[in-house]
**Student:** 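Okay, handing you the structure first.
Quantities reported herein were computed from a predicted structural model and do not represent experimental measurements. In the text below, chain A, chain B and the rest are named by the order of the sequence lines, each starting its count at 1. Any value given below was found using the heavy atoms of this structure, including those in side chains, with hydrogens, waters and symmetry copies removed.
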Amino acid sequence: DAKTTQPPSMDCAEGRAANLPCNHSTISGNEYVYWYRQIHSQGPQYIIHGLKNNETNEMASLIITEDRKSSTLILPHATLRDTAVYYCIVRVAGSGNTPLVFGKGTRLSVIA
Amino acid sequence: GAVVSQHPSWVICKSGTSVKIECRSLDFQATTMFWYRQFPKQSLMLMATSNEGSKATYEQGVEKDKFLINHASLTLSTLTVTSAHPEDSSFYICSARVTGTTNGEQFFGPGTRLTVL
């Protein structure tokens, strides 16, 4: 079972920041938070991951609360191409031989 | 970045036939690959873990004799759906981890849409 809780859907106006929340209240100390997204009829795409510090890359920013029980993925300037299902996943770092377990994710719709 | 390909991207077959789906890591080696299945408007469900040179590990409820997995090299895993039936129609996705990395990042293929008539 997925160890995260996400809202089923969100809307965002094009050009605005999209803030996608994720609750992971049972996260362990050695578990990272990963974000993937899946555009319709494609395979999931890695976005970002982090342990406890905030992270930023060319795609997004990840804000993790101090108690690590929740996080927010931020797409700073959403475009129509960011419309997708976003998955928040927690897993132990270095556990590459264990698969990613997907929950239901958040369906983000970017509106023109 | 690491690239995973799948072939075919879509396939239509008659009930009772077998279909083979290939998953390749194009620019890296992968000792472990994973196979997922996704029904419309649902999330990805893990089917099995494919290990190079050894038997695959199947998730509970997945018939190993129906979904044959072969991982004969460090860059190729195949999933064969044997005696396919309409209920096997789904979107099949594979993923792979770069051998030797520690961050757990996995790369996904584009998926194969199977339609069984």
Side-chain angles (χ1 to χ4, degrees), chain A residues 1-9 22 24 27-28 30-53 55 57-60 62 83-109, chain B residues 1-6 9-10 21 23 25 28-52 54 56-60 62 71 90-115:
Chain A
D1 292 333
K3 298 173 62 175
T4 62
T5 304
Q6 299 176 251
S9 64
C22 179
H24 31 79
I27 192 171
S28 301
N30 62 346
E31 288 183 315
Y32 280 63
V33 179
Y34 286 80
W35 283 84
Y36 283 75
R37 73 179 183 184
Q38 185 180 25
I39 295 171
H40 183 61
S41 293
Q42 296 183 23
Q45 176 190 22
Y46 166 82
I47 301 173
I48 199 168
H49 75 282
L51 181 63
K52 55 182 180 180
N53 296 322
E55 302 288 344
N57 62 20
E58 64 278 4
M59 290 184 68
L62 174 61
T83 292
V85 179
Y86 288 76
Y87 296 98
C88 170
I89 301 169
V90 297
R91 68 197 299 258
V92 178
S95 59
N97 289 335
T98 58
L100 292 166
V101 176
F102 289 80
K104 296 183 178 180
T106 295
R107 183 174 299 276
L108 175 68
S109 298
Chain B
V3 179
V4 176
S5 70
Q6 284 184 239
S9 55
W10 59 270
I21 302 170
C23 177
S25 54
F28 66 99
Q29 294 184 333
T31 54
T32 303
M33 293 184 175
F34 305 100
W35 286 97
Y36 294 82
R37 178 168 54 181
Q38 186 175 34
F39 293 107
K41 301 196 177 194
Q42 295 187 21
S43 186
L44 286 79
M45 296 296 294
L46 178 70
M47 298 177 67
T49 299
S50 172
N51 301 297
E52 186 268 336
S54 65
T57 303
Y58 291 82
E59 294 300 298
Q60 189 173 10
V62 178
H71 193 156
S90 188
F91 192 50
Y92 292 86
I93 306 168
C94 71
S95 73
R97 180 183 77 93
V98 179
T99 299
T101 60
T102 58
N103 63 13
E105 183 180 345
Q106 292 182 359
F107 299 92
F108 287 81
T112 296
R113 186 162 302 283
L114 170 64
T115 302

**Student:** Between atom CZ of B:Arg97 and atom CG of A:Leu100, what is the distance when rounded to the nearest 0.5 Å?
**Tutor:**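 Answer rounded to 0.5 Å: 11.5 Å.
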**Student:** If only atom types and distance count, is the side chain of A:Tyr87 paired as donor or acceptor with the main-chain N or O of B:Ser43 below 3.5 Å?
**Tutor:**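 Looks like no, no N/O pair under 3.5 Å.
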**Student:** Do other residues, nucleotides or ligands put more than 12 heavy atoms under 6.0 Å from the CE atom of A:Met59?
**Tutor:**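 Yes, CE of A:Met59 has more than 12 neighbouring heavy atoms, counting only those of other groups under 6.0 Å.
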**Student:** Is chain A contacted by the side chain of B:Gln38, its backbone, both, or neither, given a heavy-atom distance below 4.5 Å?
**Tutor:**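 Only the side chain of B:Gln38 comes within 4.5 Å of chain A.
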**Student:** As an exercise, state the distance from CZ of B:Phe108 to CD of A:Gln38, rounded to the nearest 0.5 Å.
**Tutor:**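 Nearest 0.5 Å value for the CZ-CD distance: 8.5 Å.
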**Student:** Which atoms of A:Gln45 come close to chain B, meaning under 4.5 Å heavy atom to heavy atom: side chain ones, backbone ones, both, or neither?
**Tutor:**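 Neither part.
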**Student:** What pair of heavy atoms forms the shortest contact from A:Gly43 to B:Ile93, and how long is it?
**Tutor:**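 It is CA-CG2, 4.4 Å.
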**Student:** Going from OG on B:Ser95 to OH on A:Tyr36, what distance comes out if it is rounded to the nearest 0.5 angstrom?
**Tutor:**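 OH of A:Tyr36 is found 7.5 Å from OG of B:Ser95.
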**Student:** Where does B:Leu46 contact chain A at under 4.5 Å (heavy atoms): side chain, backbone, both or neither?
**Tutor:**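 When you check distances to chain A, only side chain atoms of B:Leu46 fall under 4.5 Å.
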**Student:** Give a yes or no on whether the backbone of A:Phe102 and the side-chain of B:Tyr36 come within a donor-acceptor separation of less than 3.5 Å.
**Tutor:**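 Looks like no, no N/O pair under 3.5 Å.
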**Student:** Enter the distance from A:Arg107:CZ to B:Lys41:NZ here, rounded to the nearest 0.5 Å.
**Tutor:**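 With rounding to 0.5 Å, CZ (A:Arg107) is 7.5 Å from NZ (B:Lys41).
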